**Q** 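There's a structure below that I have some questions on.
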Amino acid sequence: MNAYRGEVVKIAFVTYAVSGSGYFHMDDITIHTYDAQCGDAAKLFTTVGVNSVTANWTIFGKQNAIIQIATDAAFTALVDSAVITTGTTYTFTGLQQATNYYVRVKQDCDDAEWIVTSCRTATGIPYANPFTSGTWPVDWGRDNSNITPASVLNGATIGESATSGWSLKTVPSSFTGMTGYAAYCNVYSTKKNWMISPTILVNSDPADHIRLSFLMAVSKSSSSATAPVYTDTDDMFAIMISQDGGNTWTQADATIWDCVAGSGNNSLTAISEIPQRVSVDLTSYRNQTIRIAIFAGSVTSGSDNYVFINNLTIDSFDPNCGGLSDLAIDLDTYTASWQYNGTQ
């Protein structure tokens, strides 16, 4: 109403209907001054770290803004707040890793509306074994639908809301060297079992090498270590890495075990009921945020085995530490000799 500044005016509200009848309700009518440069934020994006969240936004009008972060959607559990006088980006630090946060921003004026988004801080490394009890870890999603690794590589989405497929149980005592709890699933008929990790930031010293490592066994029985029986060639185990939060998965970031001789993949039939250490080098993902998907399944009916995964970790390692081999002892001279597998 700037055009009527200094004038005495009356305001009329008129309603009418061409046909029929009805009611109109009006309330809270005010006339007041306002800041013409006060506009709403249009978009709000967040980028997460292990202990930080960086917010970026676009805004109309003047640039002064208020930004807040909280652990609840009502912002009653406020963690931090700031007034921004220049720029449209701000980083909250000192946050907890693997924690849900809510972020909101608005212009620093009375008429502005909040724009809100949510995010979850990443998990860093070393990443400790998540399978430590009989309760499925809340950060790990599961999918037991009918999607194959090939369909995921072609754009299918791995779900995260299933409550079965992969499960947890105490490792039977007959599994030598595998103790505590393990994630396990039954690979039979056309069952396809996925589990997907939380967002993990591969943060490490530039000189470090990083790997995903776990103990794995395949058994005919879920209650004792029994030699697996592979009756067909379509059983598969896979580890896949996503570099964009699980939106896309590529062949270059997939490590596959199958039962097809000469396929060029790792041999699944070489995995037995005797637990063995499986490792995937993640060094090339240093300082990137990744998610890890683990698949065990079959396309056709045939084999009926159980896959066990135990003591899953992500940590740095020395690539030159290969241990020793070919230890020999001369009993006449009491001289020992050995072979180094790496640096000496």
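Values below: every heavy atom of this structure, side chains too, minus hydrogens, waters and symmetry copies. Please read these numbers as outputs of a predicted model, since none were measured by experiment.
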**Q** Taking D253 for its side chain and T250 for its backbone only, find out whether a donor-acceptor pair lies under 3.5 Å.
**A** no
**Q** Show every salt bridge (Lys or Arg N to Asp or Glu O under 4.0 Å) that has at least one partner inside residues 283-294, sequence neighbours left out.
**A** E160-R291
**Q** Using side-chain heavy atoms (C-beta onward) and a distance below 4.5 Å, is Y306 in contact with K169?
**A** no
**Q** Might you point out which heavy atoms bring K106 and C109 nearest each other, and give the distance in Å?
**A** NZ-O, 4.2 Å
**Q** Please answer whether the main-chain N or O of S222 pairs with a side-chain N or O of S219 as donor and acceptor at a distance below 3.5 Å.
**A** no
**Q** I need the L212 CG to L312 CG distance, nearest 0.5 Å.
**A** 5.0 Å
**Q** Which of parallel (below 30°), tilted (30 to 60°) and perpendicular (above 60°) describes F75 and W114?
**A** parallel
**Q** Determine whether V50 and N203 make a side-chain contact, defined as any pair of heavy atoms from C-beta on separated by less than 4.5 Å.
**A** yes
**Q** Between CZ of F131 and CZ of F214, what distance do you get to the nearest 0.5 Å?
**A** 9.5 Å
**Q** Would you say D304 and N186 are linked by a side-chain donor-acceptor pair, where the criterion is simply a distance under 3.5 Å?
**A** yes
**Q** Strictly under 6.0 Å, is that where the ring centroids of Y184 and F308 end up?
**A** yes
**Q** Heavy atoms only: give me the nearest A98-T123 pair and the separation to one decimal.
**A** CB-OG1, 3.5 Å
**Q** Under a 4.5 Å side-chain heavy-atom rule over Ile, Leu, Val, Met, Phe, Trp and Tyr, are I309 and V280 clustered together?
**A** yes
**Q** Please check: side-chain N/O of S224 versus main-chain N/O of T226, any donor-acceptor pairing under 3.5 Å?
**A** no
**Q** Indicate if Y230 and F237 have the same hydrophobic cluster label, given that clusters are the connected sets of ILVMFWY residues with side-chain heavy-atom separations under 4.5 angstrom.
**A** yes
**Q** Okay, side chain of S189, backbone of K191: is any donor-acceptor separation there less than 3.5 Å?
**A** no
**Q** In terms of hydrophobic clustering (I, L, V, M, F, W, Y; side-chain heavy atoms under 4.5 Å; direct or indirect links), are I294 and V187 co-clustered?
**A** yes
**Q** Report the residue from T199, T99, V48 that forms a side-chain contact (heavy atoms from CB on, under 4.5 Å) with C119.
**A** V48
**Q** Evaluate I158 against W249 for side-chain contact (heavy atoms from CB on, under 4.5 Å), listing each step before the verdict.
**A** CA-CA 10 Å; I158 302 172; W249 309 83; 3.8 Å; yes
**Q** Do I256 and M236 make a side-chain contact, defined as non-hydrogen atoms from C-beta onward lying under 4.5 Å apart?
**A** yes
**Q** Scan side-chain atoms only and decide if N265 and D258 contain a donor-acceptor pair under the 3.5 Å cut-off.
**A** yes
**Q** When you compare the side chains of T283 and D281, does any donor N or O come within less than 3.5 Å of an acceptor on the partner?
**A** yes
**Q** Quiz question: by atom type and distance under 3.5 Å, do the side chains of T163 and R142 form a donor-acceptor pair?
**A** no
**Q** List the atom of A270, the atom of Q276, and the distance in Å for their closest heavy-atom pair.
**A** O-NE2, 3.2 Å
**Q** Mind running side-chain contact (heavy atoms from CB on, under 4.5 Å) on I314 and L282 for me, showing each step along the way?
**A** CA-CA 9 Å; I314 302 175; L282 301 179; 3.9 Å; yes
**Q** Closer than 3.5 angstrom, by distance alone: can the side chain of Y285 be matched with the main-chain N or O of S242 as a donor-acceptor pair?
**A** no
**Q** Is the side chain of S298 donor-acceptor paired with the backbone N or O of T190 at a distance under 3.5 Å, no angle test?
**A** no
**Q** Are S221 and S223 linked by a side-chain donor-acceptor pair shorter than 3.5 Å?
**A** yes
**Q** With distance as the sole criterion, is a donor-acceptor pair present between the side chains of T85 and N64 under 3.5 Å?
**A** no
**Q** Would you say the side-chain atoms of D315 and T313 include a donor-acceptor pair closer than 3.5 Å?
**A** no
**Q** Counting C-beta onward and ignoring hydrogens, is there a side-chain heavy-atom pair between F92 and Y101 closer than 4.5 Å?
**A** no
**Q** Under a 3.5 Å distance rule, please check whether N310 uses its side chain to pair with a backbone N or O of L215 as donor and acceptor.
**A** no
**Q** Could you check whether D139 pairs with R120 (Lys NZ or Arg NE/NH1/NH2 to Asp/Glu carboxylate O, under 4.0 Å)?
**A** yes
**Q** Quick one: are L168 and P137 in side-chain contact, heavy atoms under 4.5 Å?
**A** yes
**Q** Any side-chain donor-acceptor pair under 3.5 Å between N146 and K192?
**A** yes
**Q** Looking at every non-hydrogen atom in both residues, tell me the closest pair between F175 and A225 and how far apart they are.
**A** CE1-N, 3.6 Å
**Q** Side chains of N129 and T132: do they bring a donor and an acceptor to under 3.5 Å?
**A** no
**Q** Nearest 0.5 Å please: distance from the CD1 atom of I67 over to the CD1 atom of I69.
**A** 8.0 Å
**Q** Could you state whether M216 and V171 fall into the same hydrophobic cluster, counting links through intermediate Ile, Leu, Val, Met, Phe, Trp or Tyr residues with side-chain heavy atoms under 4.5 angstrom apart?
**A** no
**Q** After noting the C-alpha distance and the side-chain angles of W257 and V278, does the key distance pass the side-chain contact (heavy atoms from CB on, under 4.5 Å) rule?
**A** CA-CA 11 Å; W257 288 255; V278 174; 3.6 Å; yes
**Q** Is there a side-chain contact (heavy atoms from CB on, under 4.5 Å) between L44 and V116 once you walk through the steps?
**A** CA-CA 7 Å; L44 174 61; V116 184; 5.9 Å; no
**Q** Before giving the answer on ring pair (Phe, Tyr, Trp, His ring centres under 6.0 Å), spell out for W57 and Y90 the whole-Å C-alpha distance, their side-chain angles and the decisive distance to 0.1 Å.
**A** CA-CA 9 Å; W57 62 91; Y90 185 77; 7.8 Å; no
**Q** Could you tell me whether the side chain of V53 reaches within less than 4.5 Å of the side chain of T47, counting heavy atoms only?
**A** no
**Q** Could you state whether I147 and I196 fall into the same hydrophobic cluster, counting links through intermediate Ile, Leu, Val, Met, Phe, Trp or Tyr residues with side-chain heavy atoms under 4.5 angstrom apart?
**A** yes
**Q** I want to check something: taking the side chain as every heavy atom from C-beta on, are N56 and T54 in contact at a cut-off of under 4.5 Å?
**A** yes
**Q** Atom CD of residue position Q96 - does it have more than 12 heavy atoms of other residues, nucleotides or ligands inside 6.0 Å?
**A** no
**Q** Using 0.5 Å steps for rounding, measure from the CH2 atom of W136 to the OG atom of S167.
**A** 7.0 Å
**Q** I'd like to know if the side chain of D108 reaches the main chain of A65, judged simply by a donor and an acceptor atom lying under 3.5 Å from each other, with no hydrogens or angles considered.
**A** no
